[in-house]
Amino acid sequence: MTTQFSVADIELELLRYPAEQQSNLQAWDAADEHLLKELIATAQAPLPTAIINDSFGALSCGLSRLHHDWPLYIETDARTSQLGTQQNHSRNHLTMDNLHWLTSRDPLPNHLSLVLMKLPKNLSYFAHQLTRLSQVLTPGCRILVAAKAKSINRALLDVFAQHLGPATASLAWKNTRVISCIFDGKPRPQPKEITWSIPEYQLKISNLSNVFAGNKLDIGARIMLANLPQGEFSSIVDLGCGNGVLGLRAAQLFPKADIHFIDDSDMAVASAKANWERNHLPPAQGHFYWDDCLTHLPADVQPDLVLCNPPFHQGEAITDHIAWQMFLDARRRLAPGGILHVVGNRHLAYHVKLQRLFKNCTTVASNGKFVILQAKK
Ligand SMILES: C[S@@+](CC[C@H](N)C(=O)[O-])C[C@H]1O[C@@H](n2cnc3c(N)ncnc32)[C@H](O)[C@@H]1O
């Protein structure tokens with residue numbers, strides 16, 4: 001795995017976040033290189049620019065290297081991406097005075113001259129991002145979106161036309177293309193929120209557009225809900241909470257417990273919080289953190305139960321390094337005797353990891369596809 005990024009005269013050292021991780025994945029891809037190459041070829045002036053979905057800062061570090069005072073508005077839903085971008089600016093001795101940080105829900109500035117985006121995996125989220133842009137951009141503003149060539153088709157160009165304006169794709173380079181869209185000047189309304197229910201548990205749920213599983217209950221979460229542990233718990237973590245469904249059910253089962261919801265996605269944390277309120281759970285007992293695993297969980301929180309339905313991809317990459325980090329963090333933070341309760345696809349073989357880390361692992365339930373595992377500290 002290389003960490004040396006090189007496009008035209010831009011040389012950077014780029015790492016993913018966290019820098020120490022059990023994966024061989026690179027911090028950028030050819031679409032980042034393609035986008036920077038285009039901007040250099042057209043001698044783009046350093047005007048106010050939004051950078052949206054930059055994985056670990058390849059685009060923002062590249063532009064900061066070209067002009068240290070380029071005004072950059074960096075929008076991301078992922079805490080790991082924000083932390084990675086900051087880490088890579090520091091590693092490359094780049095000033096951060098030119099950077100303005102935005103989450104996926106913060107209002108965008110209305111004086112942008114250019115928008116640079118990476119195509120996210122989730123197309124409903126992408127459509128939502130274009131709609132947000134349509135509410136602030138000035139007519140004629142240029143939006144450049146870099147993506148793998150195989151992800152670009154007629155249907156995607158229609159998403160641009162529907163939500164922002166006409167778009168055309170460049171020639172392919174290293175199996176990537178840059179889509180150029182010109183804003184047609186018509187602001188689009190935000191989609192209406194959809195609320196759905198899980199009747200067996202009397203829960204009402206709503207998800208923002210980038211939240212795992214969309215407007216339905218994940219099948220792994222369903223089997224987890226049917227097999228939550230029994231006992232007395234007073235401090236519970238829903239690690240990788242998504243819409244918060246596991247922690248909400250835990251709050252019903254253990255009404256005296258404090259529940260800590262943690263997710264890398266800002267929209268997930270916001271949805272979990274909204275769902276806590278929607279289901280009339282006690283405000284003082286719900287705690288919400290936009291974080292990378294348990295990195296910044298307050299020192300005085302010592303959970304006796306961690307519930308976890310771990311992710312098995314990061315962006316486009318299929319990986320189990322986040323599951324591994326979640327298990328490590330759970331072992332570090334659980335109270336002695338505390339329990340890590342995990343659901344996973346059978347083929348992911350989480351029992352091997354749990355056995356190695358905790359020196360014990362019990363199978364609580366399983367069906368053809370999923371298994372529920374428990375490890376005790
Ligand atoms: C399989 S989903 C589970 C969502 C929810 N708990 C459920 O069961 O429906 C995994 C969740 O982990 C989150 N996640 C991914 N990387 C993370 C990280 N580094 N730290 C915290 N959460 C992360 C994802 O955003 C996603 O919401």
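Just follow the structure's listing: the first ligand is 1, and inside any ligand the first atom is 1. As a basis for the values below, the full set of heavy atoms in this structure was taken, side chains included, without hydrogen atoms, waters or symmetry mates.
- Scanning the protein for heavy atoms near atom 12 (O) of ligand 1, the closest one is Gly240 CA, 3.4 Å.
- In terms of N/O distances under 3.5 Å, ligand 1 is approached by Asp263.
- In this pair, His287 and His260 present their aromatic rings parallel. The plane angle is below 30°, not in the 30 to 60° band.
- Residues meeting the salt bridge (Lys or Arg N to Asp or Glu O under 4.0 Å) test with Glu193, sequence neighbours left out: Arg278.
- Aromatic ring pairs are classed by plane angle as parallel below 30°, tilted from 30° to 60° and perpendicular above 60°; the pair Phe288 and Phe261 is parallel.
- Annotation: atom 20 (N) of ligand 1 to nearest protein heavy atom, Cys293 N, 2.8 Å.
- For atom 5 (C) of ligand 1, the closest heavy atom belonging to the protein is Cys241 O, 3.3 Å.
- Only the side chain of Ile322 comes within 4.0 Å of ligand 1, judged by heavy-atom distances.
- The aromatic rings of Tyr73 and His100 lie parallel to each other, with less than 30° between the two planes, well short of the 60° mark.
- For ligand 1, the polar-atom distance check against Asp264 finds a nitrogen or oxygen pair separated by under 3.5 Å.
- Summary of contacts: the protein heavy atom closest to atom 7 (C) of ligand 1 is Asn309 ND2, 3.6 Å.
- Between the side chain of Asp258 and the backbone N or O of Ser235, no donor-acceptor pair lies under 3.5 Å.
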